[in-house]
Amino acid sequence: MAASSSSTSFSSSSSHEGDAGSSYIECFKYSRRATLRSVVGRPDGGAGLVGERAVVGGWVRSSAVVRARRAAAGPASPSRKPEVEATGLTCTEVLMSRVPLIRCIARLMAGGITAAASAGGSARRPAVGTALVRINDGSCVSDLQIVVDSALLPLDQINATGACVLVEGKIEQVEGTLPQYVVQMKVEKILHIGPVDSEKYPRSNAHSSPDLVRGYPHLAARTATVASTARVRSELVHAVHAFFQSNGFFHVNTPTITTTTATSAGNRGKMLRLTRLFSKSDNGNRITPEAVRAAIKEKTKQVEALKRSESNREALEAAEQDLQRANALSRQLEQGASAESSQDEFFHRPAYLTPCHTLHLETYACALSSVYTFSPVFQAESESLDSDRSLAERWTVDVELAFAELEDAISCAEDCVKSLCSTVSKDCSDELKFLSSNQAGDATSSVIEAAVSSPWQKIKYTEAVNTLLQVTDKTFESKLELGMPLSREHLSYLADDLYKKPVIIYDYPKQLKPFYARLKEDLKTVSAFDLVVPKVGIVACGAQKEERMDNLTSRIEESGLQVEQLEWYLDTRRHGTVKHSGFSIDLESLILFVTGLKDVRDAIPFHRTKGHAKC
């Protein structure tokens, strides 16, 4: 339903944003409405705006109907309270959302009532009275309560959870004791109603379980938790660019598609390979092994004929190249590759969604000196016990610095993470407070404050292992000895129980880190580090890169990778090599740290995990 628009205007001034003493309502620049942040998101909760008129919009979170009493009922007693019918928060809806049998019975009864009404029976009369509707437009944590009289429209059109409304009215003081509201809007005009089918809308109950919310990612942002997390994420992204731009870094767009397998041979199966989709019209053009052999035979004859004639050198070279490609394709088929994948590599070689941006970013660091990228990475994780920490698609901040050693990268990573935490703590305090209240009492603000204000613990890998081996008051499930990776519980003990603050672990055994980490003098360890934070684990990792050609090629071979595939990368060492270091920050893990969320699927819009990519 869309009502006729109004030409009503109201005071606005962007210079008064956030000023509790201002009587101005800030208009959103690109639509004729006020954001709820400019009304109830003010420090005074909107008290300074009482009497002002505005246009606001949002989606219904919950509602209650205050019914008008009939005249036949006699005069209302002063002691009698008005009849209130709440929607979105009723016990019946909670039971219907959790017990399928009750939901089915309710739908059957609703169907019977509808049939009776159509047959001449009495249907439920439209509610007469006032609707108290909580709406939110996503601009802040707080909802705005709008008061709608049934004279404006049938109340069942506006009080359904999930409906979209655009209304015009006057800001007024809330009467009585409602601590969650300072002001409300008395609606004078309905400008738009986006109705919702409550029978089909998955979030007709205002209190939905996390699993239900994750099952409808396209509607998840309408919940207070997901919306708050989205605003925190947005602020972190902005803070990332602000930090690096203000410190002399250049932003570089690195590719999402790569033909380089930068991981070890054992982990190559975790990369997501690109495959071209064929249409039915492609069936007649597919190359079979028989066709390849026939082509080789034909091209061989053509090459021999051209050699005998010695008349057309260019034609001979072209025929020889075609023969080489046909032989290469035949070898791929013989090695077990399917005809479908081998006959149509779009890039003429296997291509993947990139699992890291380090290698490509290094090439620009060796020209622009200080660079960063903010991009997605992909990894086909298998089923694991840590399903709450596994994602197929993540976002990372990757950084590379030329003329820098490991200590420089560690210092930059520490400054960056502290800056990000400080910014989000200041600019998203309402969101962090709300999210903290929903996370079993985790005091995220105190954790962030401690991380920002105190120096971080720095220990070598060997020191970390020896410390863990001496622990007597706790039994670890994961086996540990020198040379083995630190498990999630080991890292948790160091950051949560022992040091109670972020910990930087550095100088790892070379077999635990990628081939590009710089080999130290002992030829056993590499200049690499992990940043471990309480409650989460590793949020960043980095290394000084190996700039020595001989050492780098040896490490590539040790890792089971093909040197030929990395020739382009080795060119940066052949031509103007330089010491350089870098690191990568996992954005989703950082969001878990600052918000107190427990499941990484809640830290990213449209999470992708094995078997789950709904939309």
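Just the heavy atoms: all of them, side chains too, but no hydrogens, waters or symmetry mates, feed the values below.
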Would Lys513 pass as a cation-pi partner of Phe529, given that its NZ or CZ must be under 6.0 Å from the six-membered ring centre and within 45 degrees of the axis?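 No - Lys513 does not lie over the ring of Phe529 by the 6.0 Å and 45° rule.
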Cationic tip of Arg573 above Tyr569 ring, under 6.0 Å, 45° of axis: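 Verdict for Tyr569: a cation-pi partner in Arg573.
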Pick one: which of Arg608, Arg389, Arg233 meets salt bridge (charged side-chain N to carboxylate O under 4.0 Å, His left out) with Glu588?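 Testing Glu588 for a salt bridge (charged side-chain N to carboxylate O under 4.0 Å, His left out) against Arg608, Arg389, Arg233 leaves exactly one candidate, Arg233.
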Should the heavy atoms of other residues, nucleotides or ligands under 6.0 Å from CD of Glu477 be counted, would the total exceed 12?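 At most 12 heavy atoms, drawn from other residues, nucleotides or ligands, come within 6.0 Å of this atom.
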Is it the case that atom CD in Glu298 sees more than 12 heavy atoms from other parts of the structure closer than 6.0 Å?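 No, the 6.0 Å shell around CD holds no more than 12 heavy atoms from other groups.
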Would you please classify the geometry between the [Y] ring and the [X] ring as parallel, tilted or perpendicular, with 30° and 60° separating the classes?
| X | Y | answer |
| --- | --- | --- |
| Trp568 | His360 | parallel |
| Phe249 | Tyr372 | perpendicular |
| His241 | Phe374 | perpendicular |
| Phe28 | Tyr30 | perpendicular |

Is a donor from one side chain sitting under 3.5 angstrom from an acceptor on the other, for Asn551 and Ser554?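 No, because no side-chain N or O of Asn551 sits under 3.5 Å from a partner of the opposite role on Ser554.
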State whether a side-chain donor-acceptor pair under 3.5 Å links Asp530 with Tyr461.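 Absent: no donor and acceptor within the cut-off.
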Any side-chain heavy atom of Leu435 within less than 4.5 Å of one from Thr225?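 Yes, close enough: below the 4.5 Å cut-off.
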Rounded to the nearest 0.5 Å, how far does CD of Gln562 lie from CD of Glu567?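 One gets 11.0 Å once the value is rounded to the nearest 0.5 Å.
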Just verifying a value: how many Å separate Ile296 CD1 and Asp322 CG, rounded to the nearest 0.5 Å?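 Answer for the CD1-CG pair, Ile296 versus Asp322, is 11.5 Å.
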When you look at Glu547 and Lys579, which way does the salt bridge (charged side-chain N to carboxylate O under 4.0 Å, His left out) test go after all the steps? CA-CA 6 Å; Glu547 83 284 0; Lys579 285 187 176 181; 5.1 Å; no
When you look at Glu362 and Thr572, which way does the side chain to side chain contact (heavy atoms under 4.5 Å, CB included) test go after all the steps? CA-CA 8 Å; Glu362 281 186 60; Thr572 60; 5.5 Å; no
Verdict with supporting geometry, Tyr493 and Phe476, ring-ring contact (aromatic ring centres under 6.0 Å, His included): CA-CA 10 Å; Tyr493 181 85; Phe476 298 111; 5.7 Å; yes
With Lys458 as reference, evaluate Glu407, Glu414, Glu463 under the side chain to side chain donor-acceptor pair (under 3.5 Å) test and give the passing residue.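 Answer to the side chain to side chain donor-acceptor pair (under 3.5 Å) test with Lys458 among Glu407, Glu414, Glu463: Glu414.
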